[in-house]
Amino acid sequence: DSGVTQTPKHLITATGQRVTLRCSPRSGDLSVYWYQQSLDQGLQFLIQYYNGEERAKGNILERFSAQQFPDLHSELNLSSLELGDSALYFCASSVAGAPYGYTFGSGTRLTVV
Amino acid sequence: GQQVMQIPQYQHVQEGEDFTTYCNSSTTLSNIQWYKQRPGGHPVFLIQLVKSGEVKKQKRLTFQFGEAKKNSSLHITATQTTDVGTYFCAGGDYGGSQGNLIFGKGTKLSVKP
């Protein structure tokens, strides 16, 4: 157990639907990051939150949004889902400056059918 | 935007052979981190390099950060089957106390016993 909790582990949904992925960071970590991992695409950075505020944005589609709540958990909302959104979505957390790296959760595998 | 390129994409070795993966950034990095992802698992932080020309060792793993802080390498001596997985480098370009990492696409290592 890495200390970063992601739910659900698996999600199967139909095209056009909306889903919410949840992440609880490791205790004490204020930064939360979301990454998408598709086959042969590596880890694509989506968005970062720090202590409730958006800090950096990567290649996140307009159909996707995220937020970090006062208790520091974060949610990634994916809407109008397309087949190409099928991927593994990782949440990671870190202390300020990440001197000890990111701690990743076990991921949510999203399948859009 | 910042890009991190990693080669090779795949590497197949016989157990006992050495393995090296290379990472190059389009911009100067403030630090570089290395992660390992076992099949079916999540990325796990291995190490961070910060100083120009830095070399760090972890048992059979040797990590180097280039003088210009734009490239890095991971070398594994005498690979074992437990080394199987995908190795990612991730470049940091911190503009302050927070930031995000840009990951390379990874090198997938397979080891034949």
Side-chain angles (χ1 to χ4, degrees), chain A residues 1-6 9-10 21 23 25-26 29-60 66 68 74 87-109, chain B residues 1-10 21 23-25 29-51 54 56 58 61 63 65 72 74 85-109:
Chain A
D1 182 11
S2 68
V4 177
T5 304
Q6 285 189 253
K9 290 193 183 304
H10 303 276
L21 312 184
C23 169
R26 196 179 56 165
D29 288 354
L30 298 180
S31 280
V32 169
Y33 313 82
W34 287 97
Y35 284 85
Q36 179 192 58
Q37 186 174 45
S38 305
L39 284 174
D40 297 329
Q41 289 298 313
L43 288 157
Q44 298 291 318
F45 170 67
L46 296 178
I47 198 163
Q48 176 202 0
Y49 280 84
Y50 175 75
N51 202 21
E53 293 187 3
E54 182 184 304
R55 275 300 177 100
K57 229 172 184 178
N59 298 321
I60 187 167
Q68 186 179 29
S74 178
L88 197 51
Y89 291 84
F90 284 110
C91 167
S93 72
S94 75
V95 298
Y100 308 113
Y102 290 6
T103 301
F104 281 81
S106 56
T108 293
R109 181 166 295 281
Chain B
Q2 180 187 2
Q3 288 190 331
V4 174
M5 309 299 291
Q6 199 173 345
I7 57 169
Q9 191 174 356
Y10 301 94
T21 173
C23 186
N24 286 286
S25 169
L29 301 169
S30 58
N31 69 84
I32 195 152
Q33 298 183 2
W34 286 90
Y35 292 77
K36 177 183 178 181
Q37 184 177 19
R38 286 199 162 95
H42 57 273
V44 174
F45 173 73
L46 294 176
I47 207 161
Q48 175 175 260
L49 304 172
V50 178
K51 299 176 184 176
E54 189 170 12
K56 286 188 176 180
Q58 289 180 349
L61 278 61
F63 304 85
F65 200 10
S72 181
L74 158 59
T86 301
Y87 293 84
F88 293 97
C89 64
D93 187 16
Y94 290 73
S97 62
Q98 296 302 306
N100 65 81
L101 293 174
I102 304 301
F103 281 76
K105 289 194 175 184
T107 296
K108 189 171 183 179
L109 173 65

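None of the values given here were measured: they were computed from a predicted structure.
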Subject >> Nearest atoms (heavy-atom pairs only) where A:S31 meets A:Y50 >> reply: OG-CD1, 3.2 Å
Subject >> Shortest non-hydrogen contact from A:C91 toward A:W34 >> reply: CB-CZ3, 3.9 Å
Original post:
By a 4.5 Å heavy-atom criterion (distance strictly below it), what part of B:Q37 contacts chain A: side chain, backbone, both, or neither?
Top reply: side chain
**OP:** Check each atom of A:T103 against the heavy atoms of chain B and say whether the ones under 4.5 Å are side chain, backbone, both or neither.
**Re:** neither
**OP:** Select, from B:P43, B:G104, B:G40, B:G106, the one with the greatest count of heavy-atom pairs under 4.5 Å involving chain A.
**Re:** B:P43
**OP:** Please tell me if the side chains of B:V4 and B:F88 come closer than 4.5 Å, counting only heavy atoms from C-beta onward.
**Re:** no
Original post:
So, B:S72 versus B:W34: side-chain donor-acceptor pair below 3.5 Å or not?
Top reply: yes
